Number of protein chains: 2
Amino acid sequence: MSQNINKDIVTLNNIKIACSSCSLHDLCLPLGLHGDDLKRLDTIVSRTHPIKKNDAIFRQGDHFEAFYAIRSGSIKTVTIANDGSEQITGFHLPGEIVGMDAITGSCHPCSAIALETTSYCAIPFHELECLAAKLPSLQHQLLSIMSQEISHDANLLMLLGKKTADERLASLLLSLSNRYSQRGFSATEFNLSMSRNDIANYLGLAVETVSRLFTRFQDKGFIKVDGKFVQLLAMDELKGSVIECHRHKIG
Amino acid sequence: MSQNINKDIVTLNNIKIACSSCSLHDLCLPLGLHGDDLKRLDTIVSRTHPIKKNDAIFRQGDHFEAFYAIRSGSIKTVTIANDGSEQITGFHLPGEIVGMDAITGSCHPCSAIALETTSYCAIPFHELECLAAKLPSLQHQLLSIMSQEISHDANLLMLLGKKTADERLASLLLSLSNRYSQRGFSATEFNLSMSRNDIANYLGLAVETVSRLFTRFQDKGFIKVDGKFVQLLAMDELKGSVIECHRHKIG
DNA sequence: CGCTGCTTTGAACAACTTCAACTTCTGTGG
DNA sequence: CCACAGAAGTTGAAGTTGTTCAAAGCAGCG
């Protein structure tokens, strides 16, 4: 948490930070762009003031105008079914882009809600599209990022379709660990910005189950939990537990 | 089944069918393209001979070269985890495009396997990208189709994360119904080209459960099943059962 | 005709959920 | 700064849902 808060302060002081000098540019859309191309992208991207926890970047049904790149903090994307039930379809960390599911329908099919104080960049889609037509490397990067999103979703499908409760939580923790470390944070300890409820919803489990899983993982010595702060003590065992629980499904 | 087989014969006789005269062109990539633009796309698309059941369009790990549009028949996309377990991530009908998850990694993260005799078009990605840079409407259609894929996956996530077994099967049947009717087939009766095993895998259930569900739905009078042939007798009840089972999750 | 593989059915079992009670945390106002 | 109310998280016990195991029925194919 403290790390993220510090990060916010830094970015607050640099609202006008450009893509070229953004520490996330090799995780984000600018990847592979250089020189003038990067400057051209810069001109269409707009930075906003940070939003508070529970505020929305966009809400389900909002007209689609732009992609949004998380700069600091974190968000969840949530879909509300016609019957009122909610499904969290993803947690998004700095450098990740949301809104890519909205091109077809011209309306956002999900809401993007801040899990903590969060700042982001807006990339107007129409302008992006025009620019991409002129810059092949941007077009490629755009397609590539969308492709990545598709294959990421397929992994998640695998998770929800096949895995036991243990595997699901282990997968989430490992995924966060991976992504935090890519962003220069520790791979073995971090704060969960989402509530147990959010985790349960995302993993398709009951809150109570998630709570019990944290306890069990701790009892086994795989992790250490203190509220939202988590330490991964035995990464290999975590990875192993994902595979182990799978064994009975083989063949 | 018979309908699909007939369809194959027709397409066999017309291997050189162009996008412009393809009955699927308003479900597929050419949507929104006209005149010369469509002809330009035509020049890069190559049609292949049909493949047999269980043959692959591409296999997981294959180098990514092209998108593939299903022209007739049907396929499943399957990911194999490192532990050997398989997850079916989608069933694809004529007019649908597969391979879009491979751009990032340059290798296909899943295999595309024919569920029956299937013919398809290959759209070389490099050429497509170059063409898209020249044709804004093609670029837009490309992004739009990928966006659609992302939001489709999000729906599936919802399905696997939240829904009961009944809801899952009902959702699949309704989705197939929708897609068949879009393609000019009956919305209320069709042949399932996939096995019960495939369905179970896709829905994250045991085969036995799927089998029991079919029986239960039939007992309730929602559907009539005879092997692979299914008739949807009470669409509203099916839709209703999806919502009804959801009620307890609200609030 | 008899095999093989797919599907169905039954019964026991396990995993996860639900319900309920209790504890801990958080933020707000006195 | 503390007290308190409400939210979030944890824990136990009972209940469901779906899985697993086992076996029998069917269909396609040599």
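Remember, it's a predicted structure, so these values are computed and weren't measured experimentally. Reminder, nothing fancy here: chain letters follow the sequence lines and each chain counts from 1.
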Residues [X] and [Y] bridged, charged N to O under 4.0 Å:
X: A/Glu167; Y: A/Lys239; value: no
X: A/Glu116; Y: A/Lys52; value: no
X: A/Asp62; Y: A/Arg59; value: no

- Item | Aromatic centroids of A/Tyr202 and A/Phe91 separated by under 6.0 Å |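 So the answer is yes for these two rings.
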Just to confirm, is there a sub-4.0 Å distance from OP1 or OP2 of [N] to any side-chain nitrogen or oxygen of [X]?
X: A/Thr215; N: D/dT10; value: no
X: B/Ser211; N: C/dT7; value: no
X: A/Lys228; N: C/dC25; value: no

Write down the distance between [atom1] ([X]) and [atom2] ([N]), rounded to a whole number of angstrom.
X: B/Arg196; N: D/dG18; atom1: CZ; atom2: P; result: 18 Å
X: B/Phe214; N: C/dC6; atom1: CZ; atom2: P; result: 16 Å
X: A/Leu203; N: C/dA15; atom1: CG; atom2: P; result: 18 Å
X: B/Asp226; N: D/dG28; atom1: CG; atom2: P; result: 10 Å
X: A/Phe229; N: C/dT24; atom1: CZ; atom2: P; result: 21 Å
X: B/Leu213; N: C/dG10; atom1: CG; atom2: C1'; result: 16 Å
X: A/Arg216; N: D/dT10; atom1: CZ; atom2: P; result: 14 Å
X: B/Asn54; N: D/dG28; atom1: CG; atom2: P; result: 16 Å

- Message: Between the base of C/dC16 and the side chain of A/Glu208, is one N or O donor paired with an acceptor at under 3.5 angstrom?
- Response: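 Checked by distance alone, the answer is no.
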- Message: At less than 3.5 Å, do the side-chain atoms of A/Arg212 and the base atoms of D/dG12 form a donor-acceptor pair?
- Response: yes
- Pick base, sugar-phosphate or nothing for A/Thr209, based on heavy-atom distances below 4.0 Å to the nucleic acid.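 Base contact.
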- Query: Heavy atoms, side chains only, cut-off 4.5 Å: are A/Glu65 and A/His108 in contact?
  - Reply: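 Heavy-atom side-chain distance check fails, nothing below 4.5 Å.
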- Note on the structure: Side-chain atoms of B/Ser195 come closest, of C/dT7, C/dC16, D/dG18, to C/dT7
